[in-house]
Number of protein chains: 2
Amino acid sequence: MVTLADVARHAGVSSSTVSYALSGKRPISDETRQRIEQAITDLDYHPHAGARALAGKRSHIIALVVPLHPDVHVPTMTEIAIAVTVAAREHGYDVLLLTNDEGPEGVRRVAATGLADGVILMDVRLDDDRIPVLRAQEIPAALIGLPDDPAGLSCVDHDFATAGALCADHLADLGHRDVAFIGYSSGVYRRHAGYAERTLSGFRARAAQHGLRFLHRPCEGTYESTAGTLARILADRPDTTGFVVQNEAAIGPLLSLLRAGGRTVPEDASVIAICPDPMAELHSPRLTSVSGPKKELGQVAVDQVMARIAATARGDHAQDQLLLMPPELTVRESTAPAPHRS
Amino acid sequence: MVTLADVARHAGVSSSTVSYALSGKRPISDETRQRIEQAITDLDYHPHAGARALAGKRSHIIALVVPLHPDVHVPTMTEIAIAVTVAAREHGYDVLLLTNDEGPEGVRRVAATGLADGVILMDVRLDDDRIPVLRAQEIPAALIGLPDDPAGLSCVDHDFATAGALCADHLADLGHRDVAFIGYSSGVYRRHAGYAERTLSGFRARAAQHGLRFLHRPCEGTYESTAGTLARILADRPDTTGFVVQNEAAIGPLLSLLRAGGRTVPEDASVIAICPDPMAELHSPRLTSVSGPKKELGQVAVDQVMARIAATARGDHAQDQLLLMPPELTVRESTAPAPHRS
DNA sequence: TGCCAGCGTCGAATCGCTTCGACGAACGGC
DNA sequence: GCCGTTCGTCGAAGCGATTCGACGCTGGCA
């Protein structure tokens, strides 16, 4: 293995000079720098990560904690994870993948051993048991998702309330008066999952402003349960012409069922899905949908941990951050002006 | 930070003794060991990862290289990645996530800097540009996927040939005589993607044995292209009653189109999908499917790198490995005996 | 002309752990 | 009863980087 000392010898300087040339922490003359760079390429030198971590007190690694069985859409989670990795590289950082089957202890371990300088938590639950660990050990961290008490933390998430509001706006603009919100399974609401509640309350508030009548119905997402949900909606409010679906699994069944029930989309019924764009494109007709940025979530989270790591290094207190990224509504083929009342 | 020396002092022994107690590389008396363990818990000691890597010449990290835009099904890839992470932990290893946007250089970097002791490559292409790097630097590695020349490497993959064969068997057993294989887009075959070709040739060979007449048709997977593909199949071979689909995107459209064409599944046409089980369960009727193990792929890959890392440490040459994991056929509701000829 | 500031470089200490050689004690074999 | 092992422990020498203080030089300013 080629070491710093080898490079120094080859370039005819001391090893500290090489180190400073590499880190830029002290001025080095152009001529010396060039000799050093030459030596580095000649010898194909690569600094040893462990040695760097030991001497520099910085591992240049952040840990990304992913759920073992994600609540959310897997491809979305994966896309965020990849965005995190790419963004971290731009800061000279690598990403360690941690599943939370180790529980909060995993976070503790990588921080305590100095394996990771900081942590990004995905799929954060409202009352997440990893958060106390972050607080107790003062670990630089960023959360993707919003816990119930974000004080002292850096968080980034989708702005689900706006997502809900956009749906209400669009349906109201199209003249719909009776709308239904088909959501996640009732368990999700019972345990007060943040994203579900925030979407719903954003939708509810805006629907009220527009004077929409609306029903919210949880739904398991299977074909059978979707059938039941739809039947009940139409029984309770036969005039329902607008549907908002926030449950990936229920989209397909809903479309089939509407069709089977003799309602064509979008002529007789408008459907908005709250889901990633590729999924909206997949259905026929292609769905008007509301979706949030994914890459950006990852990038912001990386920026947030980096800021915290830097703050910790300086010895001061990083300030809290809370960023909600606005979603966008994309009009496709599944929404149209409300049909005239029969 | 609490160091080994602190623990040693607290336990009244030398630091080398603590180290040996921890690693087990030399015998330590029970009594001493217990004092040391007590000291460790008392002080809440965690060994510094960087120092360990530096002194021990082992980072206890493996890199997992994932595709930026996977060819394959994302949830499947993610499941494998998570399985790798969990399996690695059981060996005391952590996993570094690497995207291949750095290209082969990324692999080189983590190995050369000693950041990772070994590498697992996912989504391996037949002629993968990361492989020469592995060979040149003699990096302990395992590949998930089968390159064209696996000599000197450790690989694990699905046994796609058997997957194809299972499909032919099942349809033949049910008495189908004319069958169609709806595959990936023609580009996939033109660039000789291993999984596609191996499935097809496994199917072809077994179909011939059974005396089946069959058509292979590439398919883009969009609704329109699937419609075209199906129409051509039925025009060429109107008696086709069995379908094998190896293209996740085409499954939904195919089912809709068959139904729309007046053929009910499975009474008039049998459909087997080569896809992950959860996806097969999602459709209606639930699909008879062939799928391979996912977790196991990850576990095997980890075992393979570990073996190679150990071999490298011993100084000898790891032996090649090539493991094809058998898929399973699960009979669900989309296959039935062939209808009587009209 | 003399002094101080800052630039560019060096040497040495240090980070926390592993590992090698050595050494005393206990022990079994002949 | 002596010698060669084995067991349990210690001390010291690294591993390969970073960083601090020091030091010689040059240049600007008075």
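Numbers restart at 1 for each chain; the letters A, B, ... are given by sequence-line order, proteins then strands. None of the values given here were measured: they were computed from a predicted structure.
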Which whole-number value in Å describes the distance from I36(B) CD1 to dG8(D) P? 13 Å
Only counting residues at least two apart or in another chain, list the ones meeting side-chain contact (heavy atoms from CB on, under 4.5 Å) with A5(A). T3(A), R9(A)
How does each nucleotide of nucleotides 7-17 of chain C score, in 5' to 3' order, for protein heavy atoms under 4.0 Å: base (B), sugar-phosphate only (S), or none (-)? -SBBB---BBB
Check residues 292-299 of chain A and write down every donor-acceptor pair under 3.5 Å in which the side-chain atom is one partner and the other belongs to a residue at least two apart or another chain.
none

Can you name the residues that form a ring pair (Phe, Tyr, Trp, His ring centres under 6.0 Å) with H48(A), not counting sequence neighbours? none
Residues passing the side-chain contact (heavy atoms from CB on, under 4.5 Å) test with R89(B), sequence neighbours excluded, are E102(A), R109(A), D94(B)
Contact residues, residues 109-117 of chain A to DNA chain C [heavy atom, < 4.0 Å]: none
Measure from CZ on R9(A) to C1' on dG16(D) and round the result to the nearest Å. 12 Å
One would report the end-axis bend of the helix from dT1(C)-dA30(D) to dC30(C)-dG1(D), five pairs per end and rounded to 10 degrees, as 30°
Using 0.5 Å steps for rounding, measure from the CZ atom of R33(A) to the CD atom of Q38(A). 14.5 Å
The side chain to side chain donor-acceptor pair (under 3.5 Å) partners of D127(A) (sequence neighbours excluded) come to none
According to salt bridge (Lys or Arg N to Asp or Glu O under 4.0 Å), does anything in residues 132-158 of chain B pair up with another residue at least two apart or in another chain? List the pairs. R135(B)-D149(B), D157(B)-R198(B)
Tell me, please, which residues at least two apart from R35(A) pass side chain to side chain donor-acceptor pair (under 3.5 Å). E31(A)
Got a sec, which pairs hit ring pair (Phe, Tyr, Trp, His ring centres under 6.0 Å) with one end in residues 114-156 of chain B, sequence neighbours left out? none
How long is the line joining NZ of K25(A) and C1' of dC20(D), in whole Å? 12 Å
Qualifying residues under side chain to side chain donor-acceptor pair (under 3.5 Å), relative to R52(A), sequence neighbours excluded: none
